[in-house]
Amino acid sequence: MPKLVIIILILLSPLGFASLAQSQNVGLGTPISQAQLSDFDLIAGPDGEGFPEGSGTAFQGKEVYDQKCQACHGANGEGTTANTQLVGGDMQSIESPVRTVGSYWPHASTIFDFIRRAMPADSPKSLSNIEVYQVTAYVLYMNGIIDQNKILDRQSLIDIKMPNKDGFVDMSQQQ
Amino acid sequence: MKKTDLEKAAGNGLINRRHLLQLGLAGLGSGVASSVLAAENNLKIEIPGWSKQPGPGASAYGVRSGHTEFMQRSAGAPNPLYPGGGASRSPLQHLQGTITPNSLHFERHHAGIPDIDPAGHQLVINGLVKQPLVFSYEDLLKYPMVSRIYFLECSGNSRALLGPNPPDGTAQSIHGLVSCAEWTGIPLSTLLEEAGVEDEARWLAAVGADAASMGRSIPLNKAHDDVLIALFQNGEPVRPEQGHPMRLFVPGWEGNVSVKWLTQLKLTREPVQFRDETSKYTDTLPDRSSEQFTFPMGCKSLITSPSGQMSLNRQGVYQINGMAWSGGGSISRVEVSADGGRSWADAAIESNQSEKALARFSIPWQWSGGDAILQSRATDSLGNVQPTREAILADRGRLSFYHNHCIQSWAVNGNGEVRNTYA
């Protein structure tokens, strides 16, 4: 009898997730293809993965910006509250550096990725992919990183070297 | 028992924690109160009115006592330029034990709280997997689940203490972006195994179904470790403001990676470099390099009573009480000082569960009407010791403000007023 009790105790004891996962084969996930996710998966990374077709220039993006962004981000990206400044700053300045898209962000891909998923803040995901390329170009242009006629597409966007591209240290495996 | 019998544990009135158990609180409080003899006071104990008429009967959904409604989260005023954005803080100084009531759990939203019908919600796993999968809420409810008690803390918590002048705040206003709950859900590893992770995958991108589609990248070694897809919070479905119908829960790490309203998990080679892991939740050091993916929350503690803006209304023995937690493990020691860190005494620790959960600590303290600076200092099972504010500033500089886990100092003056201070 005590033997049985011990076995039951072992079965009930928290052996950690690994053993739990092994013993479970519920398998209720429905298989799906990447094509079926084309309107759902908005992830666009620095390797160019996930960027849609299309292109745009800053010249075209000014119109989008003036209509849909400047009310919150200011006519020239100077911002209306602390969190909305898009332009300016210098990570090497003597005074405390102002950290913006232009001065701080290491990857241009993040601008596209973020605007497409979250902006304009009062109506996220209302822009077309073309408009996102255009206004991304405009944000880069306001920061003096590209000129106003540069055609921004998947490849040219990820090729952009941001001023602070070497400024970050990945701590994920050091703690 | 007389005051003189209480064994001193450290300077300025700290009493050996063993007396907590031996005396109980009543015994300690009587250090002063019992000197007034019962016959000399005018107390007459009566039957109160509520004992003389029946109250309302059982109800379908409970509410707290109207007498406790002063305990509120503090939420900032809505900002039309940041629709739904902002945070609310837990009223730590009013809470006890180690579990935060769901209605008072802190919040941080980037585009408000989506009103999600679970029947229309989906969780997709794609990217570097053998078979991309989609799960409905109903599907997930059928999986075996585990329950764990974990704290959750925003890495922006306590940043106010890094400013040049001490804010005249409370435990809530300075430190209220931490809470603790029992989270019940499916080990992430179960679903990853079902989809079959490709060998070259190193990171997992998690995305929420809020209007910001908030996303974070998590290294796969953590994802395989103790991460949950949480469906329940303290026994009930996860609250809307905590991610209903499901959130990722990443124990011990900065709250932002526990993505709420979880709708997508994508296996990738490299981090996505989301806006909230580049522009935000990164820290710039004095040499102007910036640290990214600084995930674990530091070893930390905080005295919640007495704490900022409270006042001591009598001299005598108080129970100093507070909370401690660490993203690196369990809390093995909490020391308390009443003289600004010159001498320390060990507090008694009470906790329901060790790893990555809140622990309570307490120690008796005799306040004799003089100035005091109350501090607590936690040590975790990895040997990490909570640093001073000076040490954090010396180490991290003035451009860095996430992950502040410095020692909190509360100054008590001769009138018994308690204020935040830098010591």
Side-chain angles (χ1 to χ4, degrees), chain A residues 14 16-18 20-34 36-37 40-47 49-50 71-72 80-81 83-84 91-92 96-97 99-101 104-107 109-111 113-114 116-118 121-122 124-125 164 166-173 175, chain B residues 79-83 85 110-111 124-127 131-136 139-140 142-144 146 187 189-191 193-195 205 207 211-215 219 221-222 224-226 263-264 266 268-275 278-279 282 284 288-296 398-399:
Chain A
F17 293 170
L20 190 86
Q22 272 160 27
S23 60
Q24 310 309 331
N25 212 344
V26 183
L28 289 173
T30 304
I32 192 162
S33 71
Q34 189 60 33
Q36 289 171 286
L37 297 171
F40 171 85
D41 182 352
L42 297 180
I43 291 174
D47 54 2
E49 189 96 7
C72 298
T80 49
T81 58
N83 253 352
T84 53
M91 289 308 288
Q92 303 311 323
S96 286
R99 285 169 282 188
T100 70
V101 175
Y104 193 53
W105 291 26
H107 303 280
S109 62
T110 309
I111 311 171
D113 177 89
F114 181 69
R116 182 162 65 152
R117 66 180 60 247
D122 50 359
K125 305 176 189 74
N164 195 37
D166 298 323
F168 283 82
V169 185
D170 173 355
M171 301 297 289
S172 65
Q173 301 302 325
Q175 37 202 350
Chain B
N79 177 357
L81 297 188
Y82 190 10
H110 292 79
V124 165
I125 303 186
N126 72 325
Q131 177 59 63
L133 295 172
V134 56
F135 298 86
S136 70
D139 293 338
L140 292 176
K142 298 185 180 112
Y143 280 76
V146 297
S189 54
T190 306
L191 300 189
E193 205 166 291
E194 189 174 324
V207 176
S213 296
M214 226 283 303
N221 48 352
K222 177 69 171 180
H224 280 308
D225 181 14
D226 54 0
T263 190
Q264 184 184 10
K266 186 173 188 176
T268 59
R269 248 171 240 103
E270 298 288 338
V272 173
Q273 307 286 352
F274 287 113
R275 180 259 189 178
T278 50
S279 174
T282 51
T284 303
R288 305 296 166 90
S289 72
S290 302
E291 291 187 343
Q292 194 181 15
F293 308 120
T294 50
F295 296 122
R398 297 232 169 228
L399 301 174

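Letters A, B, ... are given to chains in the order of the sequence lines, protein chains preceding strands, and every chain is numbered from 1. Keep in mind that the numbers below use all heavy atoms, side chains included, and drop hydrogens, waters and symmetry copies. This one's a predicted model, so the numbers in the text were calculated from it and none came from an experiment.
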Is [X] close to chain A through its backbone or its side chain, or both, or neither, when contacts mean heavy atoms under 4.5 Å?
X      : answer
B:P271 : backbone
B:V207 : side chain
B:A111 : neither
B:T268 : neither
B:E194 : side chain
B:E291 : both

Is A:Q36 close to chain B through its backbone or its side chain, or both, or neither, when contacts mean heavy atoms under 4.5 Å?
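Nothing of A:Q36, per the 4.5 Å heavy-atom cut-off to chain B.
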Measure distances from A:P31 to the heavy atoms of chain B and classify the residue's part below 4.5 Å as side chain, backbone, both or neither.
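Both backbone and side chain.
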Could you tell me whether the side chains of [X] and [Y] share a donor-acceptor contact shorter than 3.5 Å?
X      : Y      : answer
A:S172 : B:K222 : no
A:D113 : B:Q273 : no
A:R99  : B:T284 : yes

For chain B, which candidate among A:A118, A:P124, A:A121, A:G27 shows the most heavy-atom pairs at distances under 4.5 Å?
A:G27
Report the option among A:G50, A:P97, A:A71 that has the most heavy-atom pairs separated by less than 4.5 Å from atoms of chain B.
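The answer is A:P97.
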Separation of [Y] [atom2] from [X] [atom1] (nearest 0.5 Å):
X      : Y      : atom1 : atom2 : result
A:W105 : B:T282 : CH2   : OG1   : 10.5 Å
A:D166 : B:S289 : CG    : OG    : 11.5 Å
B:F135 : A:I32  : CZ    : CD1   : 11.0 Å

I need the residue from B:I125, B:D139, B:L191, B:L140 with the largest number of non-hydrogen atom pairs under 4.5 Å to chain A.
B:D139
Pick whichever of B:V134, B:N126, B:L81, B:T278 has the most heavy-atom pairs under 4.5 Å with chain A.
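Counting heavy-atom pairs under 4.5 Å, the top option is B:V134.
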Listed partners of A:F168 passing ring-ring contact (aromatic ring centres under 6.0 Å, His included), at least two apart
A:Y104
Quick one: do B:K266 and A:D41 make a salt bridge, cutoff under 4.0 Å?
yes
